[in-house]
Amino acid sequence: MASSAPATRPGHPWNDPALEPYIRIERVSKRFSGFVAVDDVSLNIYRSELFCLLGGSGCGKTTLLRLLAGFEEPSSGKISIDGLDMSGIPPYERPVNMMFQSYALFPHMTVDQNVGFGLKMEHRSRSEIADRVAQMLKLVRLSEFGKRKPEQLSGGQRQRVALARALIKQPKLLLLDEPLGALDKKLREHTQFELVNLQEELGVTFVVVTHDQEEAMTLSSRIGVMDHGKIVQVGTPQEVYESPGNRFVAEFIGSVNLFEGQVTASEAGHLRIVCPQLERPLDVLSGDLSAPQTRLWVAIRPEKIQLSLQAPQAASNWTRGLVKEIAYLGDLSVLLIRLESGQTVRVTRPNVWRHEEERITWEQEVYLYWHDSSPMIVRE
Amino acid sequence: MKPEQQSGQAATPATERFAGSRRALDMIGELPPCRWARALLMRRRISARSAVVAVPYLWLLLFFVVPFVIVLKISFSETQIAMPPYQPLLEWVGERLTDIRLNVNPGNFLYLIEDSLYLRAFANSLQVAAVSTLAALLIGYPLAYAIARSDRRWRGILLMLVILPFWTSFLLRVYAWIGLLKNNGLLNNFLIWLDIIDQPIVMLQTDFATYLGIVYCYLPFMVMPLYANLEKMDLTLLEAAEDLGCRPLRAFACITLPLSLPGIVAGCMLVFIPAVGEYVIPALLGPSDSLMIGKVLWTEFFNNRDWPVASAVAIVLLLLLVAPIMYFQRLQGRASGARS
């Protein structure tokens, strides 16, 4: 598994214990009157990372970002950026720039003036500002739009102006609050890759807040999943998806079928689990050393369950059910299959063939089976 | 279907809540006068929409255009000692209907230029209005800013306090200032009691009192549009400015101030325009020899009974005030035109 891979792989600075983290968040809490928005969060983010804070609305991810930007002061704990303690330092003195969710473009200024605003505040010369604005607009491919006002631009163009404005001071850290939230789906997918390319090109550290797990998976080097003000799990997209730390993460990222079960036998790297909802016991490849009789949850991703019309030969890792719903999505189909226990299991199948010979249809009895590496053991 | 059933079918509570009043409106709509009006409109092929729009137009026609034409007419006629005290503009001189003599007399307007009194009165009025407007802006802006940035729970109450003086008559409030400002008035007595002064300061019947009265009376008209503008400003813009290295004071100058310009313009117009023609405040609080165009107009009309010259003064005053309004309207129109 990825977490047990040897440390100090290039591009994985978080596995190198000798490396100093670029952002160090130490036991930071933020309390507003009546509720705790950020609850005792500790987090290290490294140079040139693209780190995503992922969570539902009200989980505290935006507050954490605003703490980094300096718009809020932590109620307790300490934030340091590049070795400097940031407590008491106002936003206009931090080496940080932010791209706002609403973009917050100045409506009374042209695109040129918006992008050049940060340099003007540094009292740069007029010619230098003009040069760097032109350079920045070229980078985000808006060179012809310099004289327009923000309201004369489309959503995607505004997003790129906001990005250019936030990048022009060459910050070491760029904070992005739902950077693609206001764009439509097609544009969003396209912009995701642009953002990643730009980040790699400039080598700036990005911290992105998003509620969209797909966006987080596409963009980030690492994801921090947040829930109720706490960081629940930190890991690469693969780690977070394939070995979720708990049930919340498993359910929040992607979809998952959960079965409650009891360990009946445990040997090195192998667990045998009996779930009352499933006909056959599960044999699970797992480093987990749970003693027999332990009750736990087994999660299986919909795409890791396979279907057949004949009963599998194996003694374990399969069950039976009736097809209740089929949703054809083009590239894949989603099937909802009801087990005899009454639980509904979600299965996705790639539509590899244009005309399938062994067609599975509604109300058909099918066998569900999976590889012994597929089930994930999760705890509450 | 019965109306009760209809409202029952509409699932959302909002429609249910309004169902009662809509039924009442429907009932009024079925009363005979409404039916007759509708039939009349139908017969003349006038849509209900244009009928509704016609109401303000009719109002303006009746109470603005007609009086304006009458005043304009008087301003071009000759004064005479009679009732009414001016010669008619059109006169029948013969037997036939077409024997009309047109008595256009531009002399009233020329007289305004010849006698320096009027020019000085105009200039003085503009100056008083300009200074008062500036003072009202300097006081009103921080006030509106503070209210707009105050806690949401307090805003309503604070706005209420700004409007509260309107509940007393304008005239009474100006008289109240006399009581405050006069030599043995509240303010002087208080200062003497505090031993700050031993002789009363003469405040009443000075220019200071005029400015004070105008600023006091028109301040709400400055605060209201400014508040409306500042309140709807997107505060993340200020955060964005700060994030880009802008200190709060500079952010105010770079972001808040330019964005509140429409509010400033609106507030200044609402104060400046009535202040130019102000009569009551300078008459009651100002010096007796103050030259305000409103006062000149009054004297011309009531004391000299020279209606044509008074009308000419009114027309010039109107044109003088319409010019800046038109200018700013065009400016704003261009700004919003660029937006679309």
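Chain letters run A, B, ... following the sequence lines, proteins first, then strands; residues in each count from 1.
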Quiz item: Once you round to the nearest 0.5 Å, how far does CG of A:Leu175 lie from CG of B:Asp243?
Solution: 7.5 Å
Quiz item: Would you say B:Leu58 has more than 12 foreign heavy atoms packed within less than 6.0 Å of its CG?
Solution: yes
Quiz item: Side chain, backbone, both or neither: which part of A:Met109 has an atom under 4.5 Å from a heavy atom of chain B?
Solution: side chain
Quiz prompt | Residue part contacting chain B, namely of A:Phe106, when any heavy atom lies under 4.5 Å | solution = both
Quiz item: So which heavy atom on B:Cys254 is nearest to which on A:Met121, and how close?
Solution: SG-CE, 4.0 Å
Quiz prompt | A:Leu119 versus chain B, the contacting section by heavy-atom distance below 4.5 Å | solution = neither
Quiz item: Given that the side chain runs from C-beta out, which part of A:Glu93 has a heavy atom under 4.5 Å from chain B: side chain, backbone, both or neither?
Solution: side chain
Quiz item: Between A:Arg94 and B:Glu242, does at least one N-O distance fall below 4.0 Å, as a salt bridge requires?
Solution: no
Quiz item: Hey, what do you get for CG (B:Leu244) to NZ (A:Lys120), rounding to the nearest 0.5 Å?
Solution: 12.0 Å
Practice problem: Return yes when atom OH of B:Tyr57 has more than 12 non-hydrogen atoms of other residues, nucleotides or ligands closer than 6.0 Å, and no otherwise. | Solution: no
Quiz item: What part of A:Lys169 is in contact with chain B, defined as an atom under 4.5 angstrom from a non-hydrogen atom: side chain, backbone, both or neither?
Solution: side chain
Quiz item: Which value, rounded to the nearest 0.5 Å, describes the distance between A:Phe100 atom CZ and B:Leu237 atom CG?
Solution: 9.0 Å
Practice problem: Return yes when atom NE2 of A:His228 has more than 12 non-hydrogen atoms of other residues, nucleotides or ligands closer than 6.0 Å, and no otherwise. | Solution: no
Quiz item: Is A:His108 close to B:Ile255 at the side-chain level, that is, under 4.5 Å between some pair of heavy atoms?
Solution: yes
Self-check item: B:Pro248 versus A:Tyr92, closest heavy-atom pair with distance
Solution: CD-CE2, 3.4 Å
Exercise. Please look at B:Ala241 and chain A and tell me whether the side chain, the backbone, both or neither of the residue comes under 4.5 angstrom of a heavy atom of that chain.
Key: both
Self-check item: Pairs of heavy atoms under 4.5 Å with chain B: top-ranked of A:Ala162, A:Gly118, A:Pro171, A:Pro150
Solution: A:Gly118
Practice problem: Supply the atom-to-atom distance A:Met98 CE to B:Glu239 CD, rounded to the nearest 0.5 angstrom. | Solution: 7.0 Å
Exercise. Sort out for me which of A:Ser102, A:Ala69, A:Pro107 touches chain B most, counting heavy-atom pairs under 4.5 Å.
Key: A:Pro107
Quiz prompt | Note, A:Phe117 side chain near B:Cys246 side chain (heavy atom, < 4.5 Å) | solution = yes
Quiz item: Top residue by heavy-atom pair count (under 4.5 Å) with chain B, among A:Leu105, A:Ile168, A:Asn97?
Solution: A:Asn97
